[in-house]
Amino acid sequence: MTMLPPPSPKKLGLVIDLDICVGCHACAVACKEWNDGGQFGPLPDENPYGKEPLSVWFNRVHTYEVETQDNGKPPMTVHFPRSCLHCETPDCVTVCPTGASYKRAEDGIVLVDEDKCIGCQLCAWACPYGAREFSEQRGVMQKCTLCIDRIYNETLDEIDRQPACVMACPTRARHFGDLGDADSAVSKLVAERGGYDLMPEMGYKPVNKYLPPRERRDGCPSKVATPQEEKVDFSTASPLLRWMDKLLSR
Amino acid sequence: MHPALSVIFFTAVSGTGYGLLFLLGLILAADALLFSRAQALIVLATGSVFAAAGLSASLFHLGQPQRAWRALSQWRNSWLSREGVAALLSFAPVFALGFALWRDAAASTLRACAIVLAVMAVITVCCTAKIYTSLKTVHAWHNAYVLPGYLLFGLLGGAAWLWALAAMTGADDALVQRDLPVLVAVLAAACAMLKRFYWRFIDTTRHAATVESATGLGRYGAVRSVEAPHTEENYLTREMGFALARKHAATLRVIALVLFAVLPVALALPALIFRSTTLAIIHASVTALCVTAGIFVERWLFFAEAKHVVMLYYGSEHTRMSANLVYRR
């Protein structure tokens with residue numbers, strides 16, 4: 001059923017802290033590893049060791065350079081993980097002709113039913129965030145499941161019931177929780193740090209939020225900018241060294 | 001956007017087929033005796049074969065074509081689903097009209113079938129266009145020029161083929177040597193005008209989103225992509241980052257204009273002036289082929305020139321990457 005469900009009180013999603021992401025791609029690799037063997041896998045690699053490998057990933061990490069307004073400061077480098085934002089009103093769900101693309105009424109997770117998907121790829125065309133990647137080998141669309149087979153998995157310890165990308169992040173730049181609950185840790189983080197939506201002008205109301213990088217400190221421009229000539233004072237050195245200096249300076 | 005041959009064939013050929021069916025419906029509704037039963041049946045068969053061939057071609061774009069029947073279920077919200085339903089329903093008046101013609105039914109029955117056929121043809125082509133215009137992510141598709149374009153090009157293709165079929169089956173002289181060439185010339189001019197406006201629109205306007213709004217980093221200053229997430233192509237850069245066409249877009253636009261507008265007008269005018277049956281047959285057949293080729297080029301450009309907003313994430317740096325890949329091949 002590709003009609004959107006009424007807005008759910010529970011909105012599961014991610015909060016990504018661009019201030020501390022170091023761009024190590026651990027989230028992307030952990031995602032690929034879990035989902036390749038998980039319920040929504042495999043994530044096939046076409047020609048993996050060949051000239052032009054092609055492969056499905058649910059999470060991709062970009063790197064941007066931001067020119068700061070203040071000319072004295074060096075540009076900011078920002079690492080930027082990009083995955084499905086589990087939007088509240090996404091077109092990727094409503095364009096689906098088969099009912100394969102759907103948004104769960106209970107927690108807002110956007111999923112693809114791979115047994116119904118005909119591989120028309122219209123949902124990928126409708127997504128401005130590039131969250132969906134078509135698998136040529138399987139003939140169906142694949143996307144982030146918010147690790148639904150982890151977060152509700154009662155065979156895992158409670159502490160492990162989080163998306164693989166969140167578990168893997170070595171800097172804790174990724175947080176998982178209920179963004180529909182104003183008292184949840186993630187909602188508080190978003191409120192405190194001014195978390196924002198990507199491309200709000202598209203009107204899809206993403207659930208996932210990004211925390212802005214903090215302004216960089218001044219750095220030490222004098223140290224970096226002007227390398228000074230090295231000067232050594234031999235006047236206080238031993239006579240042998242003074243003689244050596246004289247000899248070598250000739 | 002990657003111009004997949006299956007989708008180009010689907011929109012171009014089914015559009016022409018429905019254009020032919022629409023014109024046949026209109027003519028039979030106005031004057032049931034203008035065509036003989038055999039002539040009407042030939043036009044009906046050609047139109048429905050075109051429509052069916054185009055629709056079948058769309059199945060080749062699917063990853064799981066054996067599940068295509070599932071696409072009929074979500075007509076309440078999906079334009080692709082509506083298109084499928086409308087396309088299937090449009091064959092009801094095709095068969096009804098065919099049966100009525102074959103059994104020599106009364107003029108009122110013929111007229112009723114013809115009107116339903118014309119309406120269903122318009123609805124189906126509108127649904128095809130809406131598949132593309134409903135995508136807010138593609139600026140070149142999400143605008144007011146696209147729907148009229150699909151309708152006009154469907155009509156132009158249909159008119160050109162109707163002229164060729166009418167000339168070849170020896171239809172009424174006034175129709176073959178006056179009405180249809182005039183219709184083809186007028187539609188060709190209208191398509192050329194619309195395309196000029198459309199091309200000016202996509203050349204001078206941009207999608208509202210920017211790399212700054214896509215990343216949310218615009219508050220600090222200009223954002224530049226310095227490293228893509230992957231060194232080789234992925235599905236997104238292959239499907240949405242098709243840059244090859246833009247290099248030759250200007251030349252291809254001229255080729256399209258010549259094929260679907262200049263040549264048809266140049267071929268229709270002598271047919272109007274000299275009023276010869278042989279000349280009409282030759283000119284009408286060549287026009288039908290030119291128009292069809294022109295629609296293919298126009299449709300190829302419609303996909304290839306369209307930029308998807310997701311490419312903002314890959315920045316200008318990606319264009320270099322894909323350009324290198326293209327030249328390396």
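Residue numbers begin at 1 in each chain, while the letters A, B, ... track the order of the sequences.
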Between T215(B) and H62(A), does a side chain to side chain contact (heavy atoms under 4.5 Å, CB included) hold up when you go through it step by step?
-> CA-CA 10 Å; T215(B) 57; H62(A) 293 258; over 6 Å; no

Considering only heavy atoms, which portion of [X] lies under 4.5 Å from any heavy atom of chain A: side chain, backbone, both, or neither?
X       : result
W141(B) : side chain
L135(B) : side chain
L236(B) : side chain
A209(B) : both
S58(B)  : neither
L59(B)  : neither
H61(B)  : both
F60(B)  : neither

Can you name the nearest heavy-atom pair linking [X] to [Y], along with the distance?
X       : Y       : value
M202(A) : H207(B) : SD-CE1, 3.5 Å
L54(A)  : E233(B) : CD1-O, 3.5 Å
T98(A)  : S73(B)  : O-OG, 3.4 Å
R138(A) : Q64(B)  : O-NE2, 2.7 Å
S213(B) : E201(A) : OG-OE2, 2.5 Å
N77(B)  : T94(A)  : ND2-O, 2.7 Å

Side-chain heavy-atom pair [X], [Y] within 4.5 angstrom cut-off:
X       : Y       : result
H2(B)   : Q121(A) : no
K136(B) : D91(A)  : yes
Y220(B) : P213(A) : yes

Under a 4.5 Å heavy-atom cut-off, does chain B meet the side chain of [X], its backbone, both or neither?
X       : result
P75(A)  : neither
A124(A) : both
F80(A)  : side chain
V78(A)  : side chain
Q142(A) : neither
R82(A)  : side chain
C96(A)  : backbone
H25(A)  : side chain
E133(A) : both
Y210(A) : neither

Step-by-step side chain to side chain contact (heavy atoms under 4.5 Å, CB included) determination, W125(A) to M1(B) | CA-CA 9 Å; W125(A) 291 1; M1(B) 302 293 294; 3.5 Å; yes

Those residues at least two apart in sequence (or on a different chain) that pass ring pair (Phe, Tyr, Trp, His ring centres under 6.0 Å) with H175(A) are none

Does atom [atom1] of [X] have more than 12 heavy-atom neighbours, drawn from other residues, nucleotides or ligands, at distances under 6.0 Å?
X       : atom1 : answer
F197(B) : CZ    : no
K32(A)  : NZ    : yes
Q137(A) : CD    : yes

For chain A, which residues of residues 78-90 of chain B have heavy atoms nearer than 4.5 angstrom | S78(B), L80(B), S81(B)

Residue pair M141(A), Y235(B): steps toward the side chain to side chain contact (heavy atoms under 4.5 Å, CB included) verdict = CA-CA 11 Å; M141(A) 196 56 74; Y235(B) 167 72; 4.0 Å; yes

How far apart are the C-alpha atoms of R219(B) and Y196(A), what are their side-chain angles, what is the distance that settles it, and do they pass the side chain to side chain contact (heavy atoms under 4.5 Å, CB included) test?
-> CA-CA 12 Å; R219(B) 69 188 77 187; Y196(A) 62 85; 3.0 Å; yes

Do R60(A) and Y313(B) meet the cation-pi criteria used here (NZ or CZ under 6.0 Å from the six-membered ring centre, within 45° of the axis)?
-> no

